[in-house]
Amino acid sequence: MTQMRQAREELFALLEQAVKEAMRRGFLPTLTELPNFVVETPPQEEFGDFASNIAMLLARPMQKSPMEIANAIAQCLPKSDLIESVEIAQPGFINFRLTNLWLHEAIKEAIERDEKFGHWQIGQGKKVQVEFVSANPTGPLQIGNARGGALGDAIANLLEAVGYKVEREYYINDVTMSTQVQNFGESLEARYLQLLGYDVPFPEEGYKGEYVIELAREIVNEYGDAFVNLSPEERRQKFITLARDKIVAQHKSVLERFGITYDNWVSEQWLYDSGRVAKTIDLLKQRNLTYEAEGALWMRTTDFGDLKDEVIVRRTGAPTYFASDIAYHLYKHEREYEFVVDIWGADHHGHVPRMHAALRALGIERNGEWLKVVLYQLVRLVKEGSTVRLSKRAGEIVSLDDLLEWIGKDASRFFMLIRSADTHLDIDLDLAIKQSQENPVYYVQYAHARCCSIFREAEKRQHPSLSKYNQADLNLLIEEVERRLMKLLAQFPEVVKESSLKLSPHLLTQFCIQIADRFHDFYERCRVLGEDVQLSAARLALVKATQVTLRNALNLLGVSAPEAM
RNA sequence: GCGCCCGUAGCUCAGUCAGGAUAGAGCGUUGGCCUGCGGAGCCAAAGGUCCUGGGUUCAAAUCCCAGCGGGCGCGCCA
């Protein structure tokens, strides 16, 4: 139980008691049931620490004005050493200003729990899965994949923080008979032969990127002309496999540089080879969920909320992507996850109702809570005020490698998580590498480094407060900036919980910026290492709590928290 | 045509799911602050038809309906 939660719940209970007492004394009409009121953080500092809307919600059933009700409740509030003062405000809010006790407890909590500060046991160790990036092995990962990666990994971190056991999974869309994989293998084959001096045509719809030539060169270096004399079928097959393996290895490597390590890599081809796709199709048939039409096999997804039925086996006899994806989700289900999260680009949003329909049809979906899909919108890069244009046709793409080279891992991840997933994202490359306050990544990391620097300075000077901050008297923190900072730090566990349950890391990113803001504010006004040892110790405790909070928050986002910059 | 996402300050966006107070933040702009722990900083000001129009409500950026604008999807591609 965090201090913030505890304070909130205590107020909640006090309000309930007060209403009952007011009814008993006849100040208010008697109701058998109370409405679902809230105790929340008010929008402005001067309204106090917490506010409740209970009086306004009671106005209708009680046939009295909210102000009148609020007054009656305030009069009947039981005494509590939590509350400093209570105010009634138009149109009927009850505002509480609390004593600083809970804030002090929160600071101590941060210092004591250290890297566990902000963590919860909500997940009770249940197993969940987050699947993300899952690109076609036909080329380098791009900035869109980077957003998916940053999101997926941060969401995984957040779910871990609230107590789930999380597996990160990458689904390789490597089906060799798929048009794209075939095409890619053929492109690679053509480049290989061309490098060896053969005059072969490049496939018309082939992958024209420079990276294909580079891969071909690698193969020439490793295998020489060993594939020239194979039969065309054999050679093609060989190249398709080689292409897949090489690209998957590259993906793995660049994702590691991006700070992402997966627990599982699942191959779509394997779903076929192991018979899972065929079994899935049989299962759908058995359950009478399919019908044949126009030479293809369809699934009745419309019976389960989809807009149109979907083909699962083509006229050619080849199963569709939808079929293997059902097989894939059945495989996920077999592994007994409490729920699974899929991170997809917004261009896949048409796939969402299909998958939900299929899972409902198979009885896997329990009230829409098992498969959680997070869709993210496109990312654009902006440089000198204009969009960095991408032309896939010309083979010019901005890859994740490029992004990492230009702005580095921390800035990439931070910016990818600064907005909610379902909003378009512009990343200003000039801003992202700027080492100044304008750049939020630096601003936040700098705040952390500054906390560390204060401790370094204290050690250097052997400041006597250093050994005392663990038992500091936090009552000495009386400045408004100190209180504001404490209040924000106290919110951290709830922010973690909320961003986790909403699968919304950007809430945490925004929180980081706020902390940095208030910390710099504090730093500017309050000297930490001064002559008053007791005061210094108290402020050092606040700095430590800030450091812990920032470090934990940044780590959840996958951004490093440097001790010096 | 149908479906999904977005529309909030000059710019980029929080806030919308769970309706509450004078709608917030960062950047930019303007003006100010610094001899001590990192100026890689701080303060202040200006800046808004919350896309439009209806509806529900004591109360709407938030919920409902109808439009408008932008993006995406609607394939026996993945």
Side-chain angles (χ1 to χ4, degrees), chain A residues 36 38 40 42-44 46-47 51-53 56-57 59-60 65-66 89-93 95 134-136 138 173 175 178-181 268 293-298 306-308 310-325 345-353 375-378 382 385 418-428 431 434-440 442-443 445-447 449-458 460-461 463 481 502 504 506-507 509-511 513-514 516-517 520-530 536 539-540 543 564-565:
Chain A
N36 284 326
V38 295
E40 59 184 359
Q44 288 181 53
E46 64 255 38
F47 295 144
S52 179
N53 64 345
M56 289 176 290
L57 294 174
R60 176 177 287 266
S65 84
Q90 286 287 356
F93 284 100
N95 294 335
S134 297
N136 263 329
T138 55
N173 295 164
V175 168
S178 87
T179 337
Q180 293 175 44
V181 173
E268 186 184 2
E294 301 163 58
L297 186 68
W298 297 71
D306 198 5
L307 297 165
K308 58 185 269 295
E310 302 292 338
V311 170
I312 55 171
V313 181
R314 301 177 180 96
R315 193 179 309 165
T316 61
T320 60
Y321 174 79
F322 182 47
S324 56
D325 219 18
D347 52 346
H348 287 68
H349 75 243
H351 196 53
V352 178
L375 296 175
Y376 59 87
Q377 300 289 330
L378 296 181
V382 177
I418 202 167
R419 306 290 172 224
S420 80
D422 58 15
T423 191
H424 293 267
L425 177 66
D426 286 340
I427 296 183
D428 184 333
L431 176 66
K434 218 175 256 187
Q435 307 210 347
S436 78
Q437 173 221 351
E438 300 158 58
N439 179 354
Y442 272 84
Y443 187 64
Q445 290 186 319
Y446 175 59
R450 196 173 230 185
C451 290
C452 298
S453 143
I454 293 170
F455 274 90
R456 277 197 299 273
E457 181 67 23
K460 200 171 91 190
R461 296 194 205 164
H463 197 279
V481 282
K502 287 184 172 175
S504 303
H506 76 279
L507 299 174
T509 317
Q510 301 279 338
F511 184 72
I513 296 170
Q514 272 187 55
D517 209 12
H520 287 309
D521 196 3
F522 156 77
Y523 177 85
E524 195 67 20
R525 289 168 191 243
C526 301
R527 184 168 179 76
V528 178
L529 304 175
S536 295
R539 288 185 171 161
L540 216 42
V543 172
M565 295 172 73

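Hydrogens, waters and symmetry mates are skipped; everything else that's a heavy atom, side chains included, is used. Below, chain A is the first sequence line, B the second, and so on; all start at residue 1.
- For Leu507(A), taking side-chain heavy atoms from C-beta onward, the closest of the listed nucleotides C76(B), G26(B), G15(B) is G15(B).
- Across C68(B) and A25(B), the matching C1' atoms stand 29 Å from one another, rounded to whole Å.
- Distances shown here put every side-chain N or O of Arg525(A) at or beyond 4.0 Å from the OP1 or OP2 atom of G41(B).
- As the counterpart of C4(B), G71(B) is assigned, both hydrogen-bonding distances of the Watson-Crick or G-U wobble pattern falling under 3.5 Å.
- Two residues, Arg461(A) and Ser52(A), neighbour RNA chain B, and the one matched to the more 5' nucleotide by heavy-atom proximity is Ser52(A).
- Across the C1' atoms, C63(B) and U57(B) are found 10 Å apart, a figure rounded to whole Å.
- Residues Glu524(A) and Ala51(A) each lie close to RNA chain B; by heavy-atom proximity, the contact nearer the 5' end of the strand is made by Ala51(A).
- Atoms CG (Asp325(A)) and P (C77(B)) sit 15 Å apart, rounded to a whole Å.
- Using the Watson-Crick or G-U wobble rule with both distances under 3.5 Å, C33(B) pairs with G41(B).
- Using a 4.0 Å heavy-atom criterion, one finds that Asp521(A) contacts the sugar-phosphate atoms exclusively.
- Here Ile513(A) lies out of heavy-atom contact (under 4.0 Å) with every strand.
- Atom C1' of nucleotide G36(B) and atom NE2 of His463(A) are separated by 12 Å, given to the nearest angstrom.
- The phosphate of C42(B) has neither OP1 nor OP2 within less than 4.0 Å of any side-chain N or O from Arg527(A).
- Between Tyr523(A) and G41(B), no base-stacking contact is recorded for ring centres under 5.5 Å apart and planes less than 30° from parallel.
- Within the 4.5 Å cutoff, the side chain of Leu540(A) has heavy atoms near those of the Val528(A) side chain.
- Rounding to whole angstrom units, CG of residue Asp306(A) and P of G73(B) are separated by 17 Å.
- Lys460(A) has its side chain out of reach of Arg456(A): every pair of non-hydrogen atoms, C-beta onward, lies at least 4.5 Å apart.
- Protein atom OH of Tyr442(A) is 18 Å distant from nucleotide atom C1' of G26(B), rounded to whole Å.
- Within the nucleic acid shown, Ala59(A) has no heavy atom closer than 4.0 Å to any nucleic acid atom.
- A 4.5 Å side-chain heavy-atom check between Arg525(A) and Asp521(A) finds at least one atom pair inside the cut-off.
- Two residues are said to be in side-chain contact when any heavy atoms from C-beta on lie closer than 4.5 Å; Arg419(A) and Gln510(A) meet this criterion.
- In this entry the distance linking NE2 of His506(A) with P of G24(B) reads 18 Å, nearest Å.
- Using atom C1' as the reference point in both C72(B) and C76(B), the two lie 22 Å apart (nearest Å).
- Picking from A21(B), G41(B), A78(B) the nucleotide with the shortest atom distance to the side chain of Pro42(A) gives A21(B).
- Checked by atom type and distance alone, the side chain of Ser536(A) pairs as donor or acceptor with a backbone atom of Gly530(A) at under 3.5 Å.
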What protein N or O atoms touch nucleotides 10-13 of chain B N or O atoms at under 3.5 angstrom, if any, and at what distances?
{"residue": "U12(B)", "atom": "O2'", "partner": "Arg419(A)", "partner atom": "NH2", "Å": "3.4"}
{"residue": "U12(B)", "atom": "O2", "partner": "Arg419(A)", "partner atom": "NH2", "Å": "3.2"}
{"residue": "C13(B)", "atom": "OP1", "partner": "His424(A)", "partner atom": "O", "Å": "2.6"}
{"residue": "C13(B)", "atom": "O2'", "partner": "Arg419(A)", "partner atom": "NE", "Å": "3.4"}
{"residue": "C13(B)", "atom": "O2'", "partner": "Arg419(A)", "partner atom": "NH1", "Å": "2.6"}

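- The CG-C1' distance, from Asn53(A) to A60(B), rounds to 15 Å in whole Å.
- For the pair Gln377(A)/Thr423(A), no side-chain contact is recorded, criterion being any heavy-atom separation below 4.5 Å from C-beta on.
- Taking atom P on both U22(B) and G75(B), the two are 50 Å apart, rounded to the nearest angstrom.
- Nucleotides U16(B) and C50(B) are separated by 11 Å at their C1' atoms, to the nearest Å.
- When heavy atoms are screened at a 4.0 angstrom cut-off, Cys526(A) is found touching base atoms of the nucleic acid.
- Rounded to an integer number of Å, the gap from CE of Met56(A) to P of A21(B) is 9 Å.
- In this entry A78(B) has no Watson-Crick or G-U wobble partner, no candidate having both defining distances under 3.5 Å.
- Residues Val382(A) and Leu431(A) fail the side-chain proximity criterion, which asks for heavy atoms closer than 4.5 Å.
- Whole-Å rounding puts the Leu431(A) CG to A25(B) C1' distance at 15 Å.
- His349(A) has no side-chain polar atom (N or O) that falls below the 4.0 Å cut-off from OP1 or OP2 of C74(B).
- Spacing between A9(B) and G47(B) at atom P, rounded to whole Å, works out to 14 Å.
- Of the listed nucleotides (G41(B), C76(B), A78(B)), C76(B) has the atom at the smallest distance from the side chain of Glu294(A).
- Base pairing of G53(B) is made with C65(B), judged by Watson-Crick or G-U wobble geometry with both donor-acceptor distances under 3.5 Å.
- Taking the side chain as every heavy atom from C-beta outward, Gln180(A) and Asn173(A) never approach each other to under 4.5 Å.
- Across C65(B) and A23(B), the matching P atoms stand 27 Å from one another, rounded to whole Å.
- As rounded to the nearest Å, U8(B) and A14(B) have C1' atoms that lie 10 Å from one another.
- For the pair Phe522(A) and Val543(A), the minimum side-chain heavy-atom distance is below 4.5 Å.
- Contact annotation for Ala564(A): base contact, defined as any heavy-atom pair under 4.0 Å involving a base atom.
- Closest approach of Glu268(A) and Val175(A) over heavy atoms only: CD-CG2, 3.0 Å.
- Nucleic acid contact class of Ile427(A) (heavy atoms, under 4.0 Å, all strands): none.
- The two residues Tyr376(A) and Gly345(A) have their closest heavy-atom pair at CE2-N, 3.5 Å.
- Put simply, Tyr443(A) has a side-chain N or O that comes within less than 4.0 Å of OP1 or OP2 on C42(B).
- When both distances must be under 3.5 Å, the Watson-Crick or G-U wobble mate of G26(B) is C11(B).
- Of the candidate nucleotides A78(B), G36(B), C72(B), A78(B) has the atom nearest to the side chain of Asn173(A).
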